[in-house]
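Below is one structure, written out as C-alpha cells; comments come after it.
Note that this is a predicted model, so its numbers are computed, not measured. All chains are named by letter (A, B, ...) in the order of the sequence lines, taking the proteins before the strands, and each is independently numbered beginning at 1.
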Amino acid sequence: MTERYNFLEAEQRWRAAWQDARSFAAVTDPARPKYYVLEMFPYPSGKLHVGHARNYTMGDVVTRFKRARGFNVLHPMGWDAFGLPAENAAIASGIHPARWTYDNIATMRAQLQQIGLAYDWDREIATCHPQYYRHEQKMFLDFLKAGLAYRKESWVNWDPVEHTVLANEQVVDGCGWRSGAPVEKRLLSQWFLKITDFAEDLLDGLETLDRWPERVRVMQANWIGRSEGARVFFTLAGDGFAGETLEIFTTRPDTLFGASFCAVSANHPVARRLAAEEPAIADFNAECNRMGTSEVAVETAEKQGYRTRLVVEHPLIPGATLPVYIANFVLMEYGTGAIFGCPAHDQRDLDFANKYGLPVPVVVRSPDGPVPEITTEAFVATDGIAVNSGFLDGLTVAEAKRRVIEHLAAAGQGAGTIQYRLRDWGVSRQRYWGCPIPIIHCPTCGIVPVPEADLPVELPDDVGFDQPGNPLDRHPTWKHVACPACGEAARRETDTFDTFFESSWYFARFCSPRSDAAFERKDVDYWLPVDQYIGGIEHAILHLLYSRFFVRALRHCGYLDLKEPFAGLFTQGMVCHETYKNADGAWLYPEETEIGEDGAILDRQGRSVTLGRTEKMSKSKKNTVGLDAICGSYGADTARLFLLSDSPPERDLEWTAAGIEGSWRYVNRLHRLVADHRDRLGPPGTKPTGAGATRRLTHKTIAAVTADLEQFRFNRSVARLRELSNHLDEVAATADGIELREALEALIVLMGPMMPHLAEELWHLLGHGGLLVDQPWPSADATLTRDDVVTMAIQVNGKLRATLDLARDLDQTQAREVALSVPAVQRALDGKSVRKVIVVPNRIINVVV
RNA sequence: GCGGGCGUGGCGGAAUUGGUAGACGCACUGGAUUUAGGUUCCAGCGACGCAAGUCGUGGGGGUUCGAGUCCCUUCGCCCGCACCA
C-alpha cells in the first residue's frame with residue numbers, strides 16, 4: 001500500500017520551485033518564436049470562485065503547452081482596478097476605494113497563485129496606479145491633437161438617484177442597473193472618442209479575424225451597422241423656417257415618390273425651436289423623452305406624432321408639399337434625426353399614416369405581380385419594380401436607388417451616403433474612482449490640455465462619500481488650478497474616464513510593464529498581437545471593440561504599427577451551480593445545505609430546502625463554490641481537472657460535488673499508478689524498441705492529446721489520458737519496464753499543462769532531478785500510431801453484421817473474400833446474389849445485394 | 001422582426017469530418033475487500049428480446065452502397081440585437 005498523495009504539501013512545494021526557477025518569466029527575444037496568451041484581466045471585486053478559475057485555467061493550459069512546444073510565451077496577469085464597486089464599498093462601509101481595491105488585489109493574487117497559474121508575476125499591473133493611468137492621459141492628449149477626441153453636448157443617460165451618467169449598457173429596461181430608477185435623457189457636455197472615424201476599418205478588419213468566433217464577429221458587424229442609402233435635403237416652409245433645409249437619411253431613396261410626410265425626433269433642432277414657442281410641443285417632446293427605450297416599452301408604445309405648422313417641399317414633385325411631424329419613433333441618435341415617411345413600403349410609417357389619416361401612395365410592385373393593395377401590411381420586399389414614380393418607373397429597386405441618387409445629387413438636393421449605427425464613444429463619467437481627464441477649463445482660454453510635463457493628474461486621496469455625486473467636484477482644492485495658458489484661475493475637469501479606457505490598451509502595457517513610456521516599440525513589435533485571448537462572451541462588443549479601436553487610434557498617433565490587437569479569441573462558457581432557498585425564501589450557499597437520509601436537501605437546522613434552477617455562479621444567488629475551500633480539500637489540480645474535463649470549454653459547465661469527487665479519485669489514481677510501479681521501471685533515458693499494444697497506445701495518445709490541445713479540446717484530451725492510464729493500470733504489473741517508463745513519462749508530460757503540480761510530483765517520483773516544466777513536449781512515432789492490424793466493420797446493405805481484425809491495407813479482392821466468408825454475412829445474404837462489394841480501406845466493407 | 005447557435009443513453013459529453021453511434025466520465029445495479037462508512041477491486045449499464053436479432057442521434061422526407069454528419073421541411077430550446085428609417 002503506497003502513501004496517499006499529499007497534495008497540500010506537494011502543490012506548495014512545486015509552486016515554490018517554479019518561482020525559484022523563474023520558470024514563467026518572459027523575455028523579449030526576437031530570435032525565438034513568440035506566443036502571447038492572455039485572459040481578460042479581472043476586476044478586483046473580492047474573492048475568486050471556481051467560475052473565475054475556469055477561464056484562467058484554460059489560458060494556463062495553453063501557456064504550458066506552448067512553452068513545452070518551444071515557444072517563448074508571454075502570459076501576464078493584472079487588475080482592471082478602476083470602477084464603481086470600489087466607490088460603493090466606500091459609501092457602504094467607509095473604506096477608501098484605493099484601500100478596498102488593493103486589499104482585494106492582494107487576496108485575489110494569492111488565490112490565483114494557489115491554483116498554480118503560470119504567470120510572469122513580474123509584469124503585474126493595476127490600472128488604478130498612476131504609473132499606469134498617466135500613459136492614457138498622454139494618449140488622450142495625443143488623440144485630442146489628432147482630432148480623435150472632442151467635447152460635445154449630447155443626450156446622455158442620466159441616473160437621477162446616483163447623480164451620474166450611465167453608459168448604454170448600464171441601462172436595463174430603461175432603468176439604472178443599480179438604482180432601479182427610470183433613466184432620464186439629459187443634454188450634457190461630455191468627452192467623446194471618434195470611434196466612428198474607423199467604422200469602415202473596424203468592419204473590414206473583422207474579415208481578417210479568422211480565429212475569432214463567428215458570433216462575436218457578427219455581433220460586432222451588427223453593432224457597427226453599416227447601411228447604404230442617401231441623404232435628402234427637403235426645403236422647409238413656415239414662419240421662421242422658410243427656406244431652411246431639413247436633412248433626412250433613408251435607405252430607400254427609390255420610394256421618394258411614395259412620401260406622404262416627414263418626421264423629426266423630439267430632440268431634433270427643429271422640434272426644440274418649435275417647443276420654445278409652443279408649450280404644447282414642449283410637453284409632447286418631454287413626453288417622448290420620458291418614454292423608455294426598453295424592449296417592452298418599444299413593443300407596446302403606440303406611434304405618436306405631433307403635426308407641426310411646418311411643411312416641406314417634395315424634392316421630385318414640383319408644387320407638392322408634405323406635412324412635418326414630430327414623432328416618438330424617430331431617434332435623434334441615428335442618421336440625421338429626421339426621416340421621410342413612405343407608408344406603403346415601411347411598416348412603421350404605415351402604422352403612423354393609418355393613425356393620422358395620411359395618404360399611402362404605392363410606388364413598388366413585386367416583379368411578377370400587380371401593384372399591391374396596402375392596408376395594414378407594408379410592402380417591404382426589395383426585389384420589386386418602381387411604379388407611380390415618374391422617371392423611375394419600370395426600374396428595379398436597386399436601379400431606382402442609383403438613379404434617384406444621381407438625380408438628387410445633380411440637383412443639389414441630396415447625396416448617396418453610408419450610415420453607421422455605431423456612435424462615438426462617450427468616455428466622461430461623473431465618478432471618483434477612475435482616471436482623471438487631463439483637461440483644464442479656463443474662463444478666457446476655454447479648454448486647455450494639461451501640459452505633458454504636469455502628468456500624471458493624480459486623484460486626490462482625501463475625498464468623502466457622505467453625499468451623492470462626484471467627490472472630485474466637491475473637493476475643496478483639487479479642481480482649482482491656474483490656467484496653463486494664461487495663468488488665471490481655472491478649474492480642472494472633474495469627470496474621469498470610462499473604465500473601458502484602461503482595458504483598451506493593457507495588453508500592450510504588459511509588453512513593457514515598467515517602462516517610462518506607455519510601452520516600448522521593440523516589445524510591442526515582438527509580442528503583439530495577442531495570439532490567444534480568452535474571456536467571456538459578455539465583452540463581445542464593448543471591450544473587444546474598444547480595444548480594436550484603440551489599436552487603430554494609437555497607430556494613427558504613431559504609438560505602434562499593429563492592425564488588430566487579438567489574433568485569436570476564445571469565449572469560454574460559464575460555470576453554473578444549483579441554487580438553494582430555505583423556507584424563508586432566502587438564498588443559501590451550497591455549503592449551508594446537506595443531504596438528509598431520504599435524499600432530501602436540508603439546511604443546517606434540518607429544515608427542508610427548495611432546490612432551484614441551475615444558474616451561472618453569482619454572489620447574489622449564493623450558488624458559488626469558493627476556490628480556497630476546493631483547493632484546501634481537493635487541491636488545485638483536482639479543481640483544474642474538473643474544470644477542464646467535464647464539458648467542452650465553450651459550453652457552460654455544471655459544478656457538482658460528485659464531479660469534483662470523480663476528478664479527485666483520478667488524481668489519486670494517477671499518483672498510485674506511478675508510485676506503485678516505479679520500482680520496476682527501466683532506467684531513465686532508455687529507448688524502448690517494441691511495437692506492442694502499450695507502446696502503440698502511448699504514441700497514439702501523444703498524437704491525440706497534442707492535436708486536442710492545439711484546438712482547445714481539453715475535455716477530449718483528458719479522456720485520452722484516461723484511456724492510456726486505464727490501459728497502464730491493467731498491464732503495469734507485467735509490462736516491460738522500459739516500455740512502462742516510456743508510457744508513464746509520456747502520460748506525465750501530457751498531463752502537465754492540466755495538472756501541473758501532480759505532473760511535477762510524478763516526474764520527480766520517476767527519479768528526475770529537473771523540473772517537468774522544462775521538458776520538451778514528446779512527439780509521436782508515426783510507425784507506432786498506425787496499426788498493422790485494423791478492425792474493419794463488415795456490413796450487408798449498410799447494416800453492421802460483423803467486425804473483423806484484418807491486416808492493414810488488405811487488397812480489395814482479399815477483403816471481399818474474407819467478408820463473404822463470415823457466417824453472419826452469409827446468414828444476412830440469405831442466398832441472394834451479391835451485386836457489389838464496397839471496400840473502404842482499413843475501415844469498412846459493405847456487401848450490397 | 002433580424003442575426004447566431006443548439007437538439008445524441010438517467011446526466012456531462014465522444015464520434016477519425018460521409019464509414020463499427022454512445023469513447024471518457026458522472027450516476028446507478030450486483031459482487032469482493034472493510035467492524036462500518038469512504039477508498040479500492042471485479043462485473044453490468046441505449047431500448048425491446050431467452051437468444052438470433054430488431055429498433056435507435058427532436059419529427060417527416062430526400063441524396064448515397066452507407067447519414068448523428070450533406071440537402072429540403074417541420075417542431076422545440078438557448079443567446080445577441082432591435083422603432084436604426
Just how far, in rounded Å, is [atom2] of [N] from [atom1] of [X]?
{"X": "A:Glu661", "N": "B:rC26", "atom1": "CD", "atom2": "P", "value": "11 Å"}
{"X": "A:Arg816", "N": "B:rC65", "atom1": "CZ", "atom2": "P", "value": "17 Å"}
{"X": "A:Leu670", "N": "B:rU40", "atom1": "CG", "atom2": "P", "value": "12 Å"}
{"X": "A:Gln220", "N": "B:rG4", "atom1": "CD", "atom2": "P", "value": "16 Å"}
{"X": "A:Arg835", "N": "B:rG66", "atom1": "CZ", "atom2": "C1'", "value": "13 Å"}
{"X": "A:Gln347", "N": "B:rA85", "atom1": "CD", "atom2": "C1'", "value": "13 Å"}
{"X": "A:Trp655", "N": "B:rC26", "atom1": "CH2", "atom2": "C1'", "value": "14 Å"}
{"X": "A:Arg421", "N": "B:rG3", "atom1": "CZ", "atom2": "C1'", "value": "12 Å"}

Proximity to RNA chain B (any heavy atom under 4.0 Å), residues of residues 785-796 of chain A only: A:Thr791, A:Ala793, A:Gln795
Those residues of residues 839-849 of chain A lying under 4.0 Å from RNA chain B by at least one heavy atom: A:Val840, A:Arg843, A:Ile844, A:Asn846, A:Val848
Contacts of type side-chain contact (heavy atoms from CB on, under 4.5 Å), residue [X], not counting sequence neighbours:
{"X": "A:Arg808", "value": "A:Arg786, A:Val790, A:Asn842"}
{"X": "A:Val840", "value": "A:Ile838, A:Arg843, A:Ile844"}
{"X": "A:Phe234", "value": "A:Val232, A:Leu246, A:Ile248, A:Leu256, A:Cys262, A:Val312, A:Pro315, A:Leu322, A:Phe340"}

Thinking salt bridges, do [X] and [Y] make one under a 4.0 Å N-O criterion?
{"X": "A:Arg226", "Y": "A:Glu200", "answer": "yes"}
{"X": "A:Arg696", "Y": "A:Asp788", "answer": "yes"}
{"X": "A:Lys616", "Y": "A:Asp652", "answer": "no"}

Using a 4.0 Å heavy-atom cut-off, does [X] contact any base of the nucleic acid, only the sugar-phosphate backbone, or nothing at all?
{"X": "A:Gly662", "answer": "sugar-phosphate"}
{"X": "A:Thr251", "answer": "sugar-phosphate"}
{"X": "A:Val330", "answer": "base"}

If only side-chain N and O atoms of [X] are considered, is one of them under 4.0 Å from the OP1 or OP2 phosphate oxygen of [N]?
{"X": "A:Arg801", "N": "B:rU54", "result": "yes"}
{"X": "A:Ser227", "N": "B:rA85", "result": "yes"}
{"X": "A:Arg665", "N": "B:rU39", "result": "yes"}
{"X": "A:Lys799", "N": "B:rC55", "result": "yes"}

Under 3.5 Å side-chain donor-acceptor pair for [X] and [Y]:
{"X": "A:Gln347", "Y": "A:Asp351", "answer": "yes"}
{"X": "A:Gln419", "Y": "A:Arg231", "answer": "yes"}
{"X": "A:Ser645", "Y": "A:Asn715", "answer": "no"}
{"X": "A:Asp805", "Y": "A:Thr791", "answer": "yes"}

Using the [atom1] atom on both, measure [N] against [M] and round to a whole Å.
{"N": "B:rC41", "M": "B:rG46", "atom1": "C1'", "answer": "27 Å"}
{"N": "B:rG10", "M": "B:rG5", "atom1": "C1'", "answer": "26 Å"}
{"N": "B:rC45", "M": "B:rG22", "atom1": "C1'", "answer": "12 Å"}
{"N": "B:rG53", "M": "B:rC42", "atom1": "C1'", "answer": "29 Å"}
{"N": "B:rU54", "M": "B:rU40", "atom1": "P", "answer": "40 Å"}
{"N": "B:rA67", "M": "B:rG18", "atom1": "P", "answer": "14 Å"}
{"N": "B:rC78", "M": "B:rC71", "atom1": "P", "answer": "25 Å"}
{"N": "B:rG60", "M": "B:rG12", "atom1": "P", "answer": "23 Å"}

Nucleotide opposite [N] in a Watson-Crick or G-U pair, distances under 3.5 Å:
{"N": "B:rC50", "value": "none"}
{"N": "B:rC65", "value": "B:rG19"}
{"N": "B:rG1", "value": "B:rC81"}
{"N": "B:rC26", "value": "B:rG10"}

Under 3.5 Å, N/O pairs linking protein and nucleotides 50-52 of chain B:
residue: B:rA52; atom: O3'; partner: A:Arg827; partner atom: NH1; Å: 3.3

Within-4.5 Å side-chain heavy-atom neighbours: A:Phe7 and A:Trp664: yes
Residue pairs fulfilling salt bridge (charged side-chain N to carboxylate O under 4.0 Å, His left out) with at least one residue in residues 699-713 of chain A, sequence neighbours excluded: A:Lys66-A:Glu710, A:Arg69-A:Glu710, A:Lys700-A:Asp787, A:Asp708-A:Arg716, A:Asp708-A:Arg720
Residue pairs passing the salt bridge (charged side-chain N to carboxylate O under 4.0 Å, His left out) test where at least one lies in residues 334-343 of chain A, sequence neighbours excluded: none
Please list each protein N or O that sits under 3.5 Å from an N or O in nucleotides 6-12 of chain B, with the distance.
residue: B:rG12; atom: O2'; partner: A:Asp646; partner atom: O; Å: 2.4
residue: B:rG12; atom: O2'; partner: A:Ser647; partner atom: OG; Å: 3.0

ring-ring contact (aromatic ring centres under 6.0 Å, His included) partners for A:Phe329, two or more places apart: A:Phe352
Syn/anti label of B:rU39 as read from its glycosidic torsion, with the cut at 90° from 0: anti
Chi class for B:rG9: syn within 90° of 0, otherwise anti: syn
A:Glu377, CD atom: more than 12 neighbouring heavy atoms under 6.0 Å: no
Closest nucleotide among [options] to the [X] side chain:
{"X": "A:Asn222", "options": "B:rC83, B:rG3, B:rA85", "result": "B:rG3"}
{"X": "A:Arg215", "options": "B:rG19, B:rC41, B:rC79", "result": "B:rC79"}
{"X": "A:Arg713", "options": "B:rA15, B:rA85, B:rU20", "result": "B:rA15"}

Quiz item: cation-pi between A:Arg421 and A:Tyr334, 6.0 Å / 45°: no
Enumerate the protein-to-nucleotides 22-24 of chain B contacts in which both atoms are nitrogen or oxygen and the separation is below 3.5 Å.
residue: B:rA23; atom: O2'; partner: A:Glu723; partner atom: OE2; Å: 2.3

Parallel, tilted or perpendicular: rings of A:Tyr325 and A:Phe261 (30°, 60°): perpendicular
Listed partners of A:Lys355 passing salt bridge (charged side-chain N to carboxylate O under 4.0 Å, His left out), at least two apart: A:Glu302
